[in-house]
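Below you'll find the structure, written out as structure tokens, and then a few comments.
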Amino acid sequence: MQATKSLNIVDILLEAVRKGLQEHFELDVSTTDITWNVTRKEFEGDYTIVTFPFTRTTKKSPEQVGAILGEYLVANLPEVEAFNVVKGFLNLVVADGFWHRFLMQTRDNPHYGYLPANGQKVMVEFSSPNTNKPLHLGHIRNILLGWSTSRLLQAAGYEVVKVQIVNDRGIAICKSMLAWEKFGEGRTPASTGIKSDHFVGDYYVLFEQKFQEEYKSWQESEEASQVYAARKEADLDRDSFFKAYKNDYFNDYSILGKEARNLLLQWEAGDPAAVALWEKMNAWVYAGFNETYQRLGVSFDKLYYESNTYLLGKDIINDGLNAGVFYQKPDQSVWIDLEDAKLDHKLVLRSDGTSVYMTQDLGTARLRYQDFGVNRMVYVVADEQNYHFKVLFEILKRLGEPYADGLFHLSYGMVDLPTGKMKSREGTVVDADDLMAEVIGEARGNSLERGALEALPEAERDEIIRKIGLAALKFFIIKVHPRKRMVFDPKESVDMQGQTGPYIQNAYVRIQSVLRKAATADLSEADRYVALDVAEKQLIAMVYDFPTQVKTAAEAYDPSVIANYCYDLAKSYHKFYHDFPILKADIPGASAFRLILSQIIAGVLQTGMDLLGIEMPERM
RNA sequence: GGUUCCGUAGCUCAGCUGGAUAGAGCAACUGACUUCUAAUCAGUAGGUCUCAGGUUCGAAUCCUGACGGAAUCACCA
């Protein structure tokens, strides 16, 4: 049993087709060259072999090839019960007994869908926020993708290390620090009751406001007029010029800008006061982040801090220079020539010997390998950095790093609002905490309207409502292919009908309800139910496909595969539930059989949704 | 300008290793709750799969070229 168990029915079919082609037509094809499909609903059968490709070599019509192969399969495979041929499509009917046996085996497997350990170790980096402001919708997509991909890789047999790199240093956090120092008057998150990461973010916003005020009044000055006169391009009016000049102003004239940069210099020099302030404000941010992560249901195995890693990578530069992978210009800056990979020349170390972003990332990659010995690293980062990661991976490859072949940039598209792009300057950013509160609030409203949970204790009810609200939000985001830029309509995200998380939860809840009612049923009766209905076979075939879906999704780093699979399965089950009696079935054994089928489907839905970070309620 | 990604119903998305009449959900309209809980189910309507060529027995899917949108091409991160 054990030895043959892992062979998939499709593999069995394809191998038999291959043999059939050889025996009847002396045709040698590989099983990978045979096109197959799950049979479409309009036709009878479970799996379909496409016979068009064999017409030329066999000199027979596709119908003839289909008929000959069909007869061969029925005669030689106990799993194939019948066949029919429509044009170039050979539809195969798998024996009821096969599905029956599969179901009974799967029943006792609590890990159904999980693949055996493959001995490989993968690191997934996600979230990676800046510490000057709270998490927003963009982070949510990142976090959900990172988390579900991690779970998926685990299910596919990998050992997974989840990490984030916290961008805790630089000019941005110094702006928050400065604003708090100047205008905070000693207020704290505790004294104001504001969630601590939002508290820090508020001072970042305050800095920007004060800076804008300062900039505005400077624009009236004589100095500004001189700058305008000297630097403007021919057709640029005053307003447009100053809009574009903002960064230069910050660096060259701004008092606040100078103070912020001084603070950064002090921090870099290890000034105790600056470091203490930095530590205090970052600690606030981390406390707030942790709350948000917890609400979202995610966690990390290890945190890397940019304040520790931003000086890394110098040794790798030396290695690269020695190996001739890098070259040095007369000004001492270090470069790599990637023209043969169509990637141009790229700076990896500044002329003053300090790091650039690339240097850090090179160093961090090596550090992670030293820390965990991973074969693979997945970076969940928005698609604006596609070019950066192409270069990073190419360099690591040329340096001959041992993990270089296992690098993957899980690139995802930006999240847009129906009104357009999210812009922090225009206040259109959707805050992560607000968003979660909103969907949960919506779930609460719906639940009250329905009144199904009234009898439950409040704590239990809240827990269910939380699960429903988060399911709506998470599913809405995960169901879209990562690569695609997506439109996030807050109104639609709180929808709980149709293609949504709660719809899938509802299928699970319905099953739990039936199972509770059938707690004492005798399930051994199921063996007496032998003539399966088409709908039942289709459901079993979908369940049968689950491990393949997990494998496909993990290999593609694409959780949307599982999201859409769960939806399809839930949809089929809802229809089945509507069309067929379970507890009241009068065919012998049907009730027991359908209970087992339902139970297994509930298990698959729960496992599948768990891979997406979505929890199932027992009632709703 | 170079490179990469995206373009499928009014809207949000599946389908893309080439296969049968292109699928869902939302929104609109119609019907099904005394029933294993209707956050459900059934139905109506909605399509030149951006366009034009090419490859093929067969193209939403592969190739080429246009058009539209996005990102990127820093001694920024």
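Below, chains carry the letters A, B, ... as their sequence lines are ordered, and counting in each starts from 1. Quick note: numbers below take in every heavy atom, side chains included, and nothing from hydrogens, waters or symmetry partners.
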Using the side-chain heavy atoms of [X], tell me which of these nucleotides is nearest: [options].
X	options	answer
A/Lys421	B/A20, B/A42, B/A71	B/A71
A/Asp495	B/A39, B/A20, B/C26	B/C26
A/Tyr387	B/G19, B/C73, B/U37	B/C73
A/Tyr567	B/G25, B/A20, B/U37	B/G25

Classify [X] by what it touches in the nucleic acid, base, sugar-phosphate, or nothing, heavy-atom distance under 4.0 Å.
X	result
A/Pro53	base
A/Phe389	nothing
A/Thr48	base
A/Lys571	sugar-phosphate
A/Asp33	nothing
A/Tyr503	sugar-phosphate
A/Leu343	nothing

Problem - Earlier contact from the 5' end, RNA chain B, for A/Val509 and A/Arg483 - result: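 It is A/Arg483, whose closest nucleotide lies nearer the 5' terminus.
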Practice task
For A/Ile468 and for A/Val86, locate the closest nucleotide of RNA chain B by heavy-atom distance; then report the residue assigned to the nucleotide nearer the 5' terminus.
Solution key: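 Result of the comparison: A/Val86.
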Exercise for the section: Please list, chain by chain and in numerical order, all residues satisfying side chain to side chain contact (heavy atoms under 4.5 Å, CB included) with A/Asp340, sequence neighbours excluded. Expected result: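 Residues passing side chain to side chain contact (heavy atoms under 4.5 Å, CB included) with A/Asp340: A/Arg398.
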Problem - Partners meeting side chain to side chain contact (heavy atoms under 4.5 Å, CB included) with A/Val200 (sequence neighbours left out) - result: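 Listed in chain order: A/Ile173, A/Ser176, A/Met281, A/Trp284, A/Val285.
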I'd like to know if the side chain of [X] pairs up with that of [Y] as donor and acceptor (distance under 3.5 Å, no hydrogens or angles considered).
X	Y	answer
A/Ser307	A/Asp168	yes
A/Tyr304	A/Glu125	no
A/Asn386	A/Ser411	yes
A/Glu536	A/Tyr529	yes
A/Asp383	A/His409	no
A/Tyr357	A/Gln385	yes
A/Gln549	A/Thr552	no

Between [M] and [N], how far apart are the [atom1] atoms? Round to whole Å, please.
N	M	atom1	result
B/A77	B/C26	P	48 Å
B/U56	B/A22	P	24 Å
B/G69	B/U50	C1'	11 Å
B/A42	B/G23	P	16 Å
B/G53	B/A24	C1'	32 Å
B/A70	B/C63	C1'	24 Å
B/G2	B/G46	P	42 Å
B/A14	B/G58	P	30 Å

Atom pairs under 3.5 Å, N or O on each side, protein against nucleotides 61-65 of chain B: can you list them with distances?
none

Exercise for the section: Would you state whether a donor and an acceptor, one from the side chain of A/Asp579 and one from the base of B/A42, lie under 3.5 Å apart? Expected result: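 When only heavy-atom distances are counted, A/Asp579 does not reach the base of B/A42 through any donor-acceptor pair under 3.5 Å.
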Problem - Donor-acceptor pair present, A/Arg450 side chain and B/A39 base, under 3.5 Å - result: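 Present.
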Hey, does the side chain of [X] come within less than 4.0 Å of [N]'s phosphate (OP1/OP2), counting only N and O?
X	N	result
A/Tyr565	B/A24	no
A/Lys390	B/U4	no
A/Ser513	B/U37	yes
A/Arg619	B/U37	no

Could you tell me how far apart [X] ([atom1]) and [N] ([atom2]) are, to the nearest whole angstrom?
X	N	atom1	atom2	result
A/Ile582	B/U35	CD1	P	16 Å
A/Gln512	B/U37	CD	C1'	14 Å
A/Phe89	B/G58	CZ	P	13 Å
A/Ile34	B/G18	CD1	C1'	16 Å
A/Tyr412	B/U72	OH	P	13 Å
A/Met620	B/U37	CE	C1'	11 Å
A/Tyr508	B/A39	OH	P	18 Å

Exercise for the section: Quick one: sort the A/His139 and A/His136 rings into parallel, tilted or perpendicular, breaks at 30° and 60°. Expected result: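 Tilted: the ring planes of A/His139 and A/His136 meet at 30° to 60°.
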Ring-face cation of [X] near [Y] (centre distance under 6.0 Å, axis angle within 45°):
X	Y	result
A/Arg483	A/Tyr412	no
A/Lys258	A/Tyr249	no
A/Lys329	A/Trp335	yes

Exercise for the section: Evaluate side-chain hydrogen bond (donor to acceptor under 3.5 Å, both in side chains) for A/Asn142 paired with A/Ser127, printing each intermediate quantity in order. Expected result: CA-CA 6 Å; A/Asn142 181 305; A/Ser127 189; 5.4 Å; no
Is it true that, when you exclude [X] itself, more than 12 heavy atoms of the residues, nucleotides or ligands shown sit nearer than 6.0 Å to its [atom1]?
X	atom1	answer
A/Arg56	CZ	no
A/Arg18	CZ	yes
A/Lys314	NZ	yes

Exercise for the section: Produce a footprint string for nucleotides 10-16 of chain B: one letter per nucleotide, 5' end first; B if the base is under 4.0 Å from any protein heavy atom, S if only the sugar-phosphate is, - if neither. Expected result: -SSSS--
Handout entry: Range-with-range stems of RNA chain B (Watson-Crick or G-U pairs under 3.5 Å, three or more in a row)
Key =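 The stems that RNA chain B takes part in, listed by first number, are B:1-7 with B:67-73, B:10-13 with B:23-26, B:28-32 with B:40-44, B:50-54 with B:62-66.
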Please enumerate all protein N or O atoms sitting under 3.5 Å from an N or O of nucleotides 74-77 of chain B, with distances to 0.1 Å.
unit_1	atom_1	unit_2	atom_2	d
B/C75	O3'	A/Arg350	NE	3.4
B/C75	O2	A/Ser351	N	3.2
B/C75	O2	A/Ser351	OG	3.2
B/C75	N3	A/Ser351	OG	2.9
B/C75	N4	A/Asp331	OD2	2.2
B/C76	OP2	A/Arg350	NE	2.6
B/C76	OP2	A/Arg350	NH2	2.4
B/A77	OP1	A/Arg350	NH2	3.1
B/A77	OP2	A/Tyr357	N	3.3
B/A77	O3'	A/Glu306	OE2	3.1

